[in-house]
**Student:** 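Just passing along the structure, written as structure tokens.
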Amino acid sequence: MRIFKYILAFLVFGGFNDLNAQTNALYIPPTLSGTTFDLNMQHGTHEYYPGTPTASMGFNGDILGPTLVIDKNDDITINVTNSLGEETTVHWHGFRVSPDNDGGPHTVIDPNTTWSPAFEMLNNAATYWYHPHLHHRTLKQVNLGLSGMIIVKDPVEAALNLPRTYGVDDFPLIVQTKTILADTVYYFTTDNGNGAQVSRLDSTVVVNATVNAALDVPKQVVRLRVLNAADHRVFNLGLSNGANFSQIASDGGLLESPVSLNRLRLVPGERAEILVDLGTMSVGSSLTLKSYGSELPDGFWGAQNARIPPEGSPFGYDDNLLNGSDFDVLTLNVIGQTGTPVTTIPNSLVTINRTPETEADLTRTKYFLATGSACPQISSTPSASSSNCFDINVVNDEILWNATEIWELHGDPIQYHPFHIHDIQFFILDRDGNPPPANEMGWKDMVSVGPGEVVRFIGTFDEFVGTTPYMYHCHILPHEDKGMMQQFTVEQELYVDKNYTGVEKGSLNQPYNTIREALNVAFEGIQLNILSTGSHNEAPPDLLFSKEIELILHNPPVIIE
Ligand code: C2O
Ligand code: CU
Ligand code: CU
């Protein structure tokens, strides 16, 4: 079977990149910094294989996008111009931004228009990314090249002795696998079934759009900001010389202290910053960052079996040479030290105040259901139902502003799904009742949910309110495009004019099904003029009541007397 797979790969692809030397200099995207960022989304061509141009999409160029470098607490404006000739959106993955600035599927950028979100950068120093999020078209647009990295800086991070010279000792690594046949990068959209099958032959490994990538790294401590921007694939990263490396940051910030690892499993959408100490390597030697797919448990995309046996893997999976294999990601060629090298790894980094479980106001339970109904879904009920298919006009969860919630995620019995939620950074509480490993104790916006696993996290929705929904979804892009996604709004707590009503404050005690239902309970018998409840499911609220009692949609809430 294995031999057959190699022959097939040579016939189809003209080679298997893992057999080739890692000799192409890693592309390092340029940076943009300051407080105003201009991005143009455009078509281009990119030669993954020299001499073979493929159609591509990029921000300000043929492929990928510039790395945005942003200081925490700066007020920034990003002007995004859509020159693609088709609709798109751009989402700032991991950012704490208002729903209208978030760039989710509701915030469509029409062709030949510019969208200009402006907001204060509230996130901690860490590595984030940006990518299109148009419903049904995320896979296509990301796969053709639209992704970019974001580095947020802050004074806490700046005070630490860490490598931070971009492209010198601090490197962005956007890791993907792609299906490249001759001059075409294959992708599929939800209305193109054949493409779905071809997409599973994602046997070309690219880092920053470079095939067989190699990078010169100085003989000292270097920082790699690794982003898994692949469609489905989990990377199980390790070094070919068997050495450990240290993870210093998770999705939304630095860890309390570096965590020494031999392997790092990264799911689509997830980021990790790692330090690799090359001080004992000799100049001229090399080592390879690899993905040890052979060690992935069944049910993770990239393992020998994509689904827990006896369930078969999907069509095309067994023909993909990367599945169940160890393969090269990036060759590191050691060169001489820089002028002011970082040569040690710090013992501690930052203080993280993890939210205690006792602060939770409620628990929400969600189930990953990939099969058994009309659509793959994330659902509040344990069995699939076509009424739970994603509907962009239905808000699935209304969350009260400032609520601290536990989300309990129940894994699909046969395959993993990488969960992502917008608006917040959260803390993983436990996996099957056990505390998470040390490198998962920091700020997260992604969490892998293994086959049959139960994962709980805690988060506080304390920043923004509004009627535009935020999304939560599986970050396997074909799952997301097919609707393994739901949406929530964050609602303001309601304060009313007590001189008029005699009521000090509406009580929105759980449980309630909708904000309106809660309002009706809280204010029974009182005439209210509801300016907004933010619910998309219901008729506009303006005409329900007669007298003016203002609902304050500012943050934090105030009582109008
Ligand atoms: Cu990286 Cu909702 O997305
Ligand atoms: Cu996101
Ligand atoms: Cu999924």
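Bear in mind the structure is a predicted one, so any value in this text is a computation, not a measurement. Just so you know, these numbers use all the heavy atoms, side chains as well, and skip hydrogens, waters and symmetry mates. Just follow the structure's listing: the first ligand is 1, and inside any ligand the first atom is 1.
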**Student:** Could you tell me whether atom 2 (Cu) of ligand 1 has an N, O or S atom of H91 under 2.8 Å away?
**Tutor:** no

**Student:** Taking side chain to side chain donor-acceptor pair (under 3.5 Å) as the criterion, tell me which of H479, H133, Q486, H420 meets it with H473.
**Tutor:** H133

**Student:** What atom name does the N, O or S atom of H93 nearest to atom 1 (Cu) of ligand 1 carry?
**Tutor:** ND1

**Student:** Over 60° means perpendicular and under 30° means parallel, so tell me whether F327 and F235 are parallel, tilted or perpendicular.
**Tutor:** perpendicular

**Student:** Flag this pair as yes if the NZ/CZ of R265 is under 6.0 angstrom from the six-membered ring centre of F300 and inside a 45 degree cone about the axis; otherwise no.
**Tutor:** yes

**Student:** Tell me whether the guanidinium CZ or amine NZ of R263 lies under 6.0 angstrom from the six-membered ring centre of Y292 and within 45° of its axis.
**Tutor:** yes

**Student:** Atom CZ of F426 and atom CG of D251: how far apart are they, to the nearest 0.5 Å?
**Tutor:** 7.0 Å

**Student:** Could you tell me whether the Cu ion (ligand 3) has an N, O or S atom of H479 under 2.8 Å away?
**Tutor:** yes

**Student:** What angle, to the nearest 10°, do the atoms ND1 (H417) and SG (C474) form about the Cu ion (ligand 3)?
**Tutor:** 130°

**Student:** Check all N, O or S atoms of H422 and name the one closest to atom 2 (Cu) of ligand 1.
**Tutor:** NE2

**Student:** For E440 and R431, what are the C-alpha separation, side-chain angles and deciding distance, and is it a salt bridge (Lys or Arg N to Asp or Glu O under 4.0 Å)?
**Tutor:** CA-CA 11 Å; E440 289 192 333; R431 293 182 169 280; 2.8 Å; yes

**Student:** Of all the N, O or S atoms in H475, which one sits nearest to atom 1 (Cu) of ligand 1?
**Tutor:** NE2

**Student:** Of the backbone and side-chain N, O or S atoms of H473, does one lie nearer to atom 2 (Cu) of ligand 1 than 2.8 Å?
**Tutor:** yes

